[in-house]
Amino acid sequence: MVSEQNSTLDDLRVLEIAEGISGPFCARLFSDLGARVIKVERPATGDALRRSGPFLGGLPGVERSALFMYLNAGKESVTLDISQATGKEILRRLCKTADLVVDNMPHEYLRSVGFDYEAIREENAALVMLSIAPFGRRGSRASWKSHELTTFQMSLKGYLTPEAVEDPERERPLKPAGHMGAFLAGITAAAMAMPLIYQAKVSGVGACIDVSEQECVLSTALVQMLKWFYSKKVVKRSENLSAIGAVIGLVACADGYLQLTIMEDHQWESLVKLMGNPEWAEGDSFKTSTLRGINWPIIRGHLEDWARHYTKEEVASRAQQHRVPCLPVNNARDALRSEQLAARGFFTKVSHLDADVTLPRMPFVMSEINSGSLRRPPLLGEHNNDVYCGELGFSRRKLVKLYEAGII
Amino acid sequence: MKPALSKGQRVAKSTLPLEGVRVADFSWQLAGPIATRYLATFGAEVIKIESAVRVDTLRKFGPFPPSKKGLNASSLFNTLNYSKKSCAINLSTREGRDLAMEIVRVSDVVVENFAYGVMERLGLGYAEMARGRPDIIMLSLSGMGRTGPHKAYVAYGTTLHAYSGIFSNTGYAGGPPRALSGTWSDPVTGSLAAFLVAAAVHKRRKTGQGQYIDLAMSEVTWSIMPEPLLEYILNGEVIERTGNDNGLMAPCNTYACRGDDQWLAIAVGNDDEWAGLCRAMDKPDWAGDGRFADIFQRWKHRDLIDNYVANWVRGQDKWQLASLLQEAGVPATPCLNADELAQEQHLWQRGFFRDIDHPEVGKGPTLGLPAQITATTRYDPAPLLGQHTDEILRDLLGVSEERLKALSDGGILS
């Protein structure tokens with residue numbers, strides 16, 4: 001499996017002391033641009049995400065999690081118990097040569113093992129240290145415990161989702177499935193780390209970045225936040241979005257749903273034409289965008305009468321021919337069948353263990369690379385020998401002793 | 001003309017991380033400006049090339065402060081464009097396009113997020129730019145990407161959320177797909193774009209090579225929701241909607257509290273957190289109850305647990321419960337609206353909420369970068385439309401007074 005590697009960041013070395021989604025995804029982005037990423041995992045068990053399904057061949061196992069594969073492709077893995085004195089010492093040595101350390105471990109835990117920016121900076125002044133935590137490392141809420149759902153709900157996004165509820169008491173605040181907030185935090189963290197690495201490479205002075213996942217998610221609700229700051233208006237889940245004077249909403253069709261977002265008059269006119277200029281659309285209630293917004297429920301009824309004769313793909317592709325912003329509500333099956341994603345090579349194969357697995361590539365196309373096949377993820381502790389003996393100069397005997405002591 | 005940063009050039013004693021990097025920013029609306037705002041806040045000189053003839057729609061969009069209107073007063077525009085410069089150039093004219101190309105020639109990075117084909121029609125496609133400046137870094141953001149059969153599809157954020165799996169993975173058990181509120185694909189893509197641009201600038205300093213980066217918002221959105229994709233790829237199953245249940249934890253839900261539309265979120269992910277919940281709810285007998293003995297048993301009995309917790313929470317104050325549960329080591333948070341978030345001292349202390357003094361609208365709150373950073377960053381007010389046109393033309397491009405006047409009289413600089 002030969003693929004040309006992206007060399008954009010091939011002079012960087014990243015140490016990942018992270019589990020789950022946010023920190024590992026951040027480091028994955030660096031890895032895809034050519035940085036060498038060394039993932040520090042707990043001995044024996046490794047990253048907790050190794051226990052997350054789905055698994056290759058449907059068989060659970062620490063080397064078989066597809067989600068782990070997706071987040072850790074291309075990295076190296078060493079095992080290290082950083083709560084033991086010898087483990088701490090080894091971690092400090094690893095930090096000496098790193099350009100970036102990414103962590104998302106609980107604050108109390110890292111502090112208890114003596115791992116903080118002040119201590120690390122003494123070893124490596126040019127290091128950029130990137131921490132990701134639900135509410136950040138500093139501030140009055142920093143000690144609050146949180147999971148994906150609870151962070152999302154404290155970030156405005158939860159209060160507002162789903163949109164356009166009819167009965168707020170029965171339709172409780174929701175979070176989409178998955179770990180969107182943590183992924184977002186990982187991307188945002190990378191965006192803030194890279195300028196500081198750029199600077200540190202020249203100035204020799206590193207920095208500490210304390211990322212708050214709450215703030216990352218809240219940034220995506222900035223319109224609603226600004227409405228409070230500047231108009232003292234509290235937006236609610238029950239809001240009819242179309243009230244701003246647009247046609248925005250979900251429409252049922254023969255095999256699923258469509259999303260329509262019509263902001264401009266010419267888009268509305270094209271939609272009407274597309275439907276064959278039905279009589280209802282000529283009514284006075286639909287003449288202006290403001291009226292259309294107010295009368296969205298009526299419009300939706302008419303649209304559904306029409307759309308139920310067609311599939312979502314049929315409506316969307318015809319709408320797009322008329323430049324009407326309409327796209328189907330897709331699920332995973334639709335994505336795997338998408339001509340567009342296929343044409344851009346969004347899904348690619350990676351060989352791992354006994355299988356060839358299809359995985360999404362990282363979502364960017366850069367002229368300097370291929371977006372060829374992915375590298376596989378590391379086995380737990382696969383690079384202990386390379387890193388500990390090859391780089392830190394440990395003897396084989398020491399490696400064995402460290403293993404027996406449960407430190408690696 | 002001042003040269004932009006070239007290969008090997010080192011910026012001595014740079015106080016801002018991206019000082020010396022110049023960005024010709026043709027982007028508008030959300031995703032592009034979000035990307036360049038990171039770069040500007042870290043010190044890059046971001047020149048927003050815009051025009052009153054085809055104004056960035058967000059300048060008209062609001063929300064506006066009370067009794068303020070006009071193209072310089074939108075809080076949304078001003079939040080997405082702080083720390084940048086504005087150069088007004090009418091790109092529908094040939095002279096305007098020539099000027100834009102002059103800015104590109106002295107820039108390191110170009111960012112754009114126009115509809116498919118617009119930059120090419122303006123004579124500002126990557127091929128043309130690379131002719132004038134072979135080591136330019138250009139980033140295009142679009143709904144579908146710049147290649148493929150659907151590259152010309154028109155898309156807004158909400159339609160992309162539908163297209164890229166978010167809506168089908170949002171909703172109550174047994175119910176239809178539901179809409180995620182507000183923006184998502186724009187900020188996620190904008191953030192990724194900022195990372196890629198900074199990485200490309202790093203590479204150019206090493207090698208002298210530029211590059212073209214093609215970002216599709218639809219791909220970025222799917223890429224951070226891989227769980228349903230992997231489930232389908234490996235097991236052939238399309239995940240069903242399950243409300244807030246994540247298939248692992250119980251309780252894991254939002255619960256109605258005292259008051260109108262007041263909610264508390266609770267998520268219990270391990271035995272310690274469960275023990276804390278039992279203490280807080282004063283249910284010592286649950287500790288020995290086999291139905292709740294471990295995370296597997298609890299998820300199996302999640303409906304029962306959900307019911308118990310819902311009844312306990314009902315009628316109580318969300319803030320009191322959140323404090324009580326947090327003290328017991330249970331991840332629990334009040335579900336907050338914008339008014340309540342604005343009162344969160346934590347967010348002000350960290351500098352996420354901060355005031356910026358804007359020359360036209362005065363001092364007012366904005367949203368900063370979602371992190372505390374020890375390095376220097378800057379938060380200068382968003383530019384007035386065309387505020388830096390003269391400065392950029394005179395000082396950066398060396399345009400003579402006569403030409404400046406001719407351009408201005410010809411309506412090129414509006």
Side-chain angles (χ1 to χ4, degrees), chain A residues 8 33 54 66 70 139-141 145-147 149-150 153-154 159-163 168 172-173 176-178 183 187-188 190-191 194-195 198-199 207-211 215-216 220-221 225-231 234 259 261 320 325 327 329 331-332 339-340 343-344 358 363 365-368, chain B residues 17-18 42 63 65 75 148 150 153-154 156 158-159 162-163 167-170 177-179 181-182 187 191-192 194-195 198-199 202-203 211-214 219-220 223-225 227-230 232-234 238 254 261 265 267 331 333 335 337-338 346 349-350 352 365 370-375:
Chain A
T8 302
L33 295 197
Y70 177 69
S140 48
R141 299 270 186 236
K145 297 190 80 171
S146 199
H147 293 297
L149 173 73
T150 41
Q153 291 299 336
M154 204 155 156
Y159 181 78
L160 295 168
T161 298
E163 233 160 35
R172 65 182 69 230
F183 275 104
I187 291 180
T188 309
M194 197 57 231
Y198 177 80
Q199 180 180 42
C208 176
I209 313 172
D210 165 19
V211 181
E215 292 167 9
C216 293
T220 71
M225 199 62 230
L226 291 169
K227 276 188 179 161
W228 169 256
F229 279 141
Y230 289 95
S231 319
V234 171
Q259 171 70 30
T261 303
Q320 287 289 342
L327 288 173
V329 173
N331 59 29
E339 286 173 43
Q340 177 67 12
R344 289 174 57 83
T358 300
V365 178
M366 299 170 88
S367 58
E368 87 129 38
Chain B
L18 294 178
F42 283 113
S75 64
H150 300 161
Y153 269 23
V154 284
Y156 293 116
T158 40
T159 54
Y163 181 84
F167 288 3
S168 68
N169 289 292
T170 305
R178 300 297 295 262
S181 160
S191 302
L192 182 61
F195 165 68
H202 170 85
K203 169 165 179 155
Q211 53 187 317
Y212 179 68
I213 305 168
D214 172 13
E219 292 177 2
V220 178
S223 79
I224 67 168
M225 191 174 260
E227 297 88 348
L229 293 175
L230 298 174
Y232 183 74
I233 291 166
L234 284 135
V238 172
T254 48
D261 202 15
T333 55
C335 183
N337 66 28
H346 177 68
Q349 286 160 5
R350 287 178 52 83
F352 177 64
Q372 279 199 328
I373 300 169
T374 56

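Small disclaimer: the values here were computed from a predicted structure and weren't measured. Scope of the values below: all heavy atoms of this structure, side chains included, with no hydrogens, waters or symmetry mates. Naming: A, B, ... by sequence-line order, numbering from 1 per chain.
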Chain A interface, residue from [options] that has the most non-hydrogen pairs under 4.5 Å:
| options | value |
| --- | --- |
| B/L192, B/D214, B/T170 | B/D214 |
| B/L229, B/T333, B/N169 | B/T333 |
| B/A375, B/P228, B/A179 | B/A179 |
| B/G182, B/A198, B/C335 | B/C335 |
| B/I373, B/N337, B/T158 | B/N337 |

Sort [X] into side chain, backbone, both or neither according to what part of it lies under 4.5 angstrom from a heavy atom of chain A.
| X | value |
| --- | --- |
| B/Q372 | both |
| B/L230 | both |
| B/F42 | side chain |
| B/V220 | both |

Residue selection (most heavy-atom pairs with chain B, distance under 4.5 Å) from [options]:
| options | value |
| --- | --- |
| A/A332, A/P168, A/A343 | A/A332 |
| A/P325, A/S231, A/P195 | A/P195 |
| A/A207, A/S140, A/A177 | A/S140 |
| A/G139, A/A221, A/A191, A/A66 | A/A191 |
| A/R172, A/M194, A/Q259 | A/R172 |

Okay, side chain of [X], backbone of [Y]: is any donor-acceptor separation there less than 3.5 Å?
| X | Y | result |
| --- | --- | --- |
| B/Y212 | A/V365 | no |
| B/T254 | A/P173 | yes |
| B/T159 | A/L327 | no |
| A/T161 | B/S181 | yes |
| A/Q340 | B/H150 | yes |

Region of A/V234 in contact with chain B, defined by heavy-atom distances below 4.5 Å: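 For A/V234, the contact with chain B is made by the side chain alone.
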B/S223 side chain near A/Y70 side chain, heavy-atom distance below 4.5 Å: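 B/S223 reaches A/Y70 side chain to side chain.
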Side-chain heavy-atom pair A/L33, A/M366 within 4.5 angstrom cut-off: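 Sidechains of A/M366 and A/L33: in contact.
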If you look at every heavy atom in [X] and [Y], which pair is closest and at what distance?
| X | Y | result |
| --- | --- | --- |
| B/A199 | A/T8 | O-CG2, 3.3 Å |
| B/A265 | A/T150 | O-CG2, 3.5 Å |
| A/S367 | B/Q211 | OG-CB, 3.2 Å |

